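Note that the structure is a prediction, hence the values are computed from the model and not measured. Both ligands and their constituent atoms are indexed starting at 1 by order of listing.
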Amino acid sequence: MPPQFALCYGTRPQIIKASAVREHLARIGGVLAVDTGQHYDFELNGLLYQQLGVKPPDRFLEVGSGSHAEQTSAVLIRTEALLREHAPAAVVVIGDTNSTLGSALAAAKLRIPLAHVEAGLRARDAYLAEEINRRMVDAVAGLLCAPGPSAAARLHRERSDATIVDTGDVARDVLVRCLDQLPDPARLLPSPAPGGYLFATLHRAEITSNPALLEAVLEALGGLPLDAFLALHPRTRAALDAAGRYRERIGRLTLMPPVGYLESLALTRGASAVVTDSGGLQREAYWLGVPCITVRDETEWVETVDLGANRLVAPAAAGDLAAAVQSQLDCWRAGASWDRDAYGRGEAAGEVARAATAWLARST
Ligand code: UD1
């Protein structure tokens, strides 16, 4: 009987990546697709299934929002019940969210072989929620699929007992596949920007949980020499509402509702530069040849910085944003380009499926 995989995911970027992984796993065995429901708003969940043309999940666990403990334990408890019921040959998890950790723990405690896609990334801040999640999952998975050579090399140093494969980044697979379906960015902008525009997103707790910092970053974005458009993650909107600081325009910055995957790619491709704290957008800008400025103290995607595609600005130094944006724009206008293959060429999901087949054959 072919192996059955449980593929567990639950946030916006994971739904995107899971779409490619699911398709390739389905070619070698049955797939039980489990969406934990960590993200549940239409723009962050249902819309992505529609846009990517993937089947709805087989199970939707309705975990929703909560504290880290509430969210992770709800995923753990509900996934455990499901895994007991279906007894898959292996569980596949993606990335570094609370859904990733909860599903991984459920599998590991039931002694079900676990594969981690997007393994081996690290941040210096060991108490970052995502860093805790990825270190824990990398410690218990038997198959570690790294998105690039540096993550794979790190895993070889950390885990001599695991199967480690540099598969490349599955996010590029999905991007490559969608490039010819992107809408016209001019039709997506809330107001015309004839001189070019910056596309921005901010959602990380480091910024949204500190109202003064969030305000400083938004003010800095509004004071840049180009019109800027920020697609608001619900967490950022909630933070602004709670502080009584939500408004549609701040200087040259316009806040707009969250956008779908295709719209986000289109707005990125049409932008003069991207300003973000999202790991996904950093790579999408890099692949699309658009300069990025990342509002974080550090990035797990160090190659994008080394190649000149990305530049870090610490949130606490939001005043430096204008200079960083200008310098990225100058480099770009001067014709800067970069090698776009640091995380593979967009064939990662097939590599994940091949690695999983070989790994399961060896371990049974
Ligand atoms: C999560 C991941 C983060 C990932 C991001 C992708 C963790 C610890 N963090 O962050 O690594 O980069 O997803 O987007 O798992 N909310 C809604 N509607 C939704 C979902 C969330 O309104 O559909 C609001 C709620 O107020 C919620 C807040 O956003 O409390 C945060 O959501 P949560 O899932 O905890 O984390 P994200 O910030 O989305």
Student: With a cut-off of 4.0 Å, which atoms of ligand 1 are near a heavy atom of Thr11?
Tutor: 13 (O)
Student: Give the residue and atom name of whichever protein heavy atom lies nearest to atom 21 (C) of ligand 1, and the separation in Å to one decimal.
Tutor: Ser65 OG, 3.8 Å
Student: Taking it one step at a time, do Glu284 and Thr268 satisfy side chain to side chain donor-acceptor pair (under 3.5 Å)?
Tutor: CA-CA 8 Å; Glu284 285 158 4; Thr268 300; 5.2 Å; no
Student: Could a heavy atom of Gln14 be found less than 4.0 Å from some atom of ligand 1?
Tutor: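 Gln14 does not count as a contact of ligand 1 under the 4.0 Å cut-off.
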Student: Ring centres under 6.0 Å, that's the criterion: do Trp301 and Tyr343 meet it?
Tutor: yes
Student: For Gly120 and Asp138, work out which heavy atoms get closest and say how close.
Tutor: N-OD2, 2.9 Å
Student: What protein heavy atom lies closest to atom 16 (N) of ligand 1? Include the residue and the distance to one decimal.
Tutor: Tyr40 OH, 3.6 Å
Student: Which residue holds the protein heavy atom closest to atom 22 (O) of ligand 1, what is that atom called, and what is the gap in Å?
Tutor: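 Among all protein heavy atoms, the one nearest atom 22 (O) of ligand 1 is Pro234 CB, 3.1 Å.
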Student: Verify, without hydrogens or angle tests, whether Thr167 (side chain) and Val352 (backbone) share a donor-acceptor contact under 3.5 angstrom.
Tutor: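 Absent.
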Student: Would Ser99 count as being in polar contact with ligand 1, using the rule that some N or O on each side must be under 3.5 angstrom apart?
Tutor: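 In fact, backbone or side chain, Ser99 has no N or O that close.
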Student: Using 4.0 Å as the upper bound for N to carboxylate O, is an ion pair formed by Arg296 and Glu130?
Tutor: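 Judged by the 4.0 Å cut-off on N to carboxylate O distance, Glu130 and Arg296 do not form a salt bridge.
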Student: What is the closest protein heavy atom to atom 34 (O) of ligand 1, and at what distance does it sit?
Tutor: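 Here the closest protein heavy atom is Gln38 NE2, 3.0 Å.
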Student: Are the charged groups of Asp169 and Lys17 less than 4.0 angstrom apart, N to O?
Tutor: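 So Asp169 does not pair with Lys17 through a salt bridge.
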Student: Go through ligand 1 atom by atom and flag the ones less than 4.0 Å from a non-hydrogen atom of Pro13.
Tutor: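 Listed by number with element: 6 (C), 14 (O).
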Student: Relative to the heavy atoms of His68, which atoms of ligand 1 are at a distance of less than 4.0 Å?
Tutor: 8 (C)
Student: Under a 4.0 Å N-O cut-off, is there an ion pair linking Arg345 with Glu347?
Tutor: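 Salt bridge: no.
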Student: Atom 8 (C) of ligand 1: which of Asn98, Thr36, Asp41 has the nearest heavy atom?
Tutor: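 Answer by nearest heavy atom: Asn98.
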Student: Identify the closest protein heavy atom to atom 29 (O) of ligand 1: which residue and atom is it, and at what distance?
Tutor: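 Checked against all protein heavy atoms, atom 29 (O) of ligand 1 sits closest to Arg235 CB, 3.5 Å.
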Student: Any carboxylate oxygen within less than 4.0 angstrom of a Lys/Arg side-chain nitrogen, looking at Asp241 and Arg237?
Tutor: yes
Student: Which heavy atom of the protein is the closest neighbour of atom 12 (O) of ligand 1, given with residue, atom name and distance?
Tutor: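 Its nearest protein heavy-atom neighbour is His203 NE2, 3.1 Å.
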Student: Write out the residue and atom name of the closest protein heavy atom to atom 39 (O) of ligand 1, then the distance separating them to 0.1 Å.
Tutor: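 For atom 39 (O) of ligand 1, the nearest protein heavy atom comes out as His39 NE2, 2.5 Å.
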Student: Look at atom 35 (O) of ligand 1 and find which of Arg237, Glu130, Gln71 reaches it with the closest heavy atom.
Tutor: Gln71
Student: Give a yes or no on whether a salt bridge exists between Glu80 and Lys109, defined as a side-chain N under 4.0 angstrom from a carboxylate O.
Tutor: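 Looking at Glu80 and Lys109, the cut-off is not met.
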